[in-house]
> 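Before I ask anything, let me first share the structure, which is written out below as structure tokens.
Since this is a predicted model, take the numbers as computed values, not measurements. Just the heavy atoms: all of them, side chains too, but no hydrogens, waters or symmetry mates, feed the values below.
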Amino acid sequence: MVLGLIAGAIAKAIKPGEQGGGWIATLLLGVVGAIVGGWIGSAVFGVGVSEFWSLSTWLLAIGGALIVLIIWGLITRKRA
């Protein structure tokens, strides 16, 4: 949960623009992103989310959170 919260916050800081949601949305984004990042990492690179202090774990979690954030933005964006 801590990894998800931090990864979600970092992903929101990296992606420009306005994202809604408070800390609960950030936590959910990060947890889902860590799962997605771990799945992609294990499928493509053979590396998963294994240890809290591993650099690959953090990069996969943040990358996955960015992917989830971009997809969520595409789904929820307002049509003008």
Side-chain angles (χ1 to χ4, degrees):
M1 294 294 246
V2 174
L3 173 67
L5 181 61
I6 295 170
I10 292 172
K12 278 191 171 185
I14 291 173
K15 185 178 178 305
E18 175 119 5
Q19 296 93 22
W23 67 273
I24 294 175
T26 301
L27 177 66
L28 291 174
L29 166 75
V31 169
V32 171
I35 292 169
V36 169
W39 180 77
I40 291 172
S42 64
V44 176
F45 304 114
V47 178
V49 178
S50 58
E51 295 181 17
F52 184 80
W53 296 111
S54 172
L55 179 62
S56 64
T57 296
W58 284 94
L59 292 175
L60 289 172
I62 294 168
L66 278 169
I67 291 169
V68 170
L69 183 61
I70 290 168
I71 291 171
W72 182 252
L74 291 172
I75 292 170
T76 60
R77 72 177 172 192
K78 296 178 183 175
R79 309 247 176 203

> To the nearest 0.5 Å, what is the distance between CD1 on Ile62 and CD1 on Ile14?
6.0 Å
> My understanding is that a hydrophobic cluster links ILVMFWY residues whose side chain heavy atoms are under 4.5 Å apart, including indirect links. Using that, what else belongs to the cluster containing Leu59?
Leu55
> With sequence neighbours left out, what residues match Trp72 under ring pair (Phe, Tyr, Trp, His ring centres under 6.0 Å)?
none
> Return the set of residues passing side chain to side chain contact (heavy atoms under 4.5 Å, CB included) with Ile40 (not counting sequence neighbours), or none when no residue passes.
Val36, Val44, Ile67
> Atom CG of Leu66 and atom CD1 of Ile71: how far apart are they, to the nearest 0.5 Å?
11.0 Å
> What are the two closest heavy atoms between Ala11 and Ala65, and how far apart are they?
CB-CB, 3.6 Å
> Of all heavy-atom pairs between Leu69 and Lys12, which one has the smallest distance, and what is that distance?
CD2-CA, 4.0 Å
